[in-house]
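Structure first, commentary second.
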Amino acid sequence: KSMLFLGFLLAFLGLALPGTQGKIFPRCELVKTLRRSGFEGFVGKTVADWMCLMKYESGYNTKAYNNNGPSRDYGIFQINSKYWCNDGRTSGSKDACHISCSKLQDDNIEDDIQCAKKIAREAHGLTPWYGWKNHCQGRNLSSFVKGC
């Protein structure tokens with residue numbers, strides 16, 4: 001009986017806490033969102049570049065988080081707390097996007113998009129993202145948008 005109760009309890013908690021995992025965007029939904037948001041040709045890059053970047057930075061997961069020691073990366077674009085957002089813990093944070101890092105982990109990625117565009121505009125490209133530099137730069141990325 002206790003195992004059955006535990007099973008029901010775990011199932012209930014899984015349903016009652018839907019926000020704990022974050023949203024993992026389906027590939028084509030994300031492609032369409034980026035196209036609508038003007039990413040095609042932005043800073044000379046394609047939607048496929050941005051899709052590859054997000055695949056390797058966050059796996060398209062809005063709740064993605066990475067602790068880098070003195071700073072942390074947040075959300076689907078893995079935006080860093082030292083320069084771009086404020087997490088209340090990073091010493092000397094610049095908060096150039098004027099946003100709380102926790103806002104970068106909700107399912108609404110409109111503010112994430114604005115901040116990512118600011119980063120790319122200031123860098124004249126996608127070089128601030130190691131996921132893009134290491135896995136996407138100079139490669140054929142057509143598979144990231146194929147069929148969308």
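All values reported here derive from a predicted model rather than from experimental measurement.
- Put simply, CH2 on Trp84 and CD1 on Ile99 are 13.0 Å apart, with the number rounded to the nearest 0.5 Å.
- Note that CD of Gln78 is 8.0 Å distant from CG of Asn68, once rounded to the nearest 0.5 Å.
- If you check the side chains of Ser142 and Asn140, you find a donor sitting under 3.5 Å from an acceptor.
- More than 12 heavy-atom neighbours from other residues, nucleotides or ligands sit within 6.0 angstrom of NZ on Lys133.
- One finds the NZ atom of Lys23 at 14.0 Å from the OH atom of Tyr60 (value rounded to the nearest 0.5 Å).
- Panel note: side chain Arg35, backbone Glu40; no donor-acceptor pair is recorded below 3.5 Å.
- Smallest separation of non-hydrogen atoms from Ile109 and Ile76: CG2-CG2, 4.1 Å.
- Considering all non-hydrogen atoms of both residues, Cys101 and Asp87 come closest at SG-N, 3.4 Å.
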- Query: Run the side-chain contact (heavy atoms from CB on, under 4.5 Å) check on Leu30 and Trp50 step by step: do they pass?
  - Reply: CA-CA 10 Å; Leu30 200 49; Trp50 287 94; over 6 Å; no
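- The closest side-chain donor-acceptor pair between Thr46 and Asp49 falls under 3.5 angstrom.
- From Asn80, atom CG reaches atom CZ of Arg72 across 9.0 Å, with rounding to the nearest 0.5 Å.
- A cation-pi arrangement is not found for Lys45 relative to Phe42, the charged atom failing to lie both closer than 6.0 Å to the ring centre and inside a 45° cone about the ring normal.
- Rounding to the nearest 0.5 Å gives a distance of 13.0 Å between NZ of Lys82 and CG of Asp73.
- Residues Phe25 and Thr62 have side chains in contact (heavy-atom distance under 4.5 Å, counting atoms from C-beta outward).
- Side-chain contact between Val31 and Met51: present, with at least one pair of heavy atoms (C-beta onward) separated by less than 4.5 Å.
- In terms of heavy-atom proximity, Tyr74 sits nearest to Ser81 at CE1-CB, 3.9 Å.
- The minimum heavy-atom distance between Gly59 and Ile24, with the atom names listed, is O-CG2, 3.7 Å.
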What donor-acceptor contacts under 3.5 angstrom involve side-chain atoms of residues 115-129, with partners at least two apart or in another chain?
| from | atom 1 | to | atom 2 | distance (Å) |
| --- | --- | --- | --- | --- |
| Lys117 | NZ | Ser37 | O | 2.5 |
| Trp129 | NE1 | Phe77 | O | 2.7 |

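- Across all non-hydrogen atoms, the minimal contact from Arg139 to Asn134 is NH1-O, 3.4 Å.
- No donor-acceptor pair closer than 3.5 Å links the side chain of Ser58 to the backbone N or O of Lys63.
- Here the CD atom belonging to Glu29 is positioned 10.5 Å from the CG atom belonging to Leu34, to the nearest 0.5 angstrom.
- Tyr83 and Lys94 make their closest contact through O-CB, 3.4 Å (heavy atoms, listed as atom of the first residue, atom of the second, distance).
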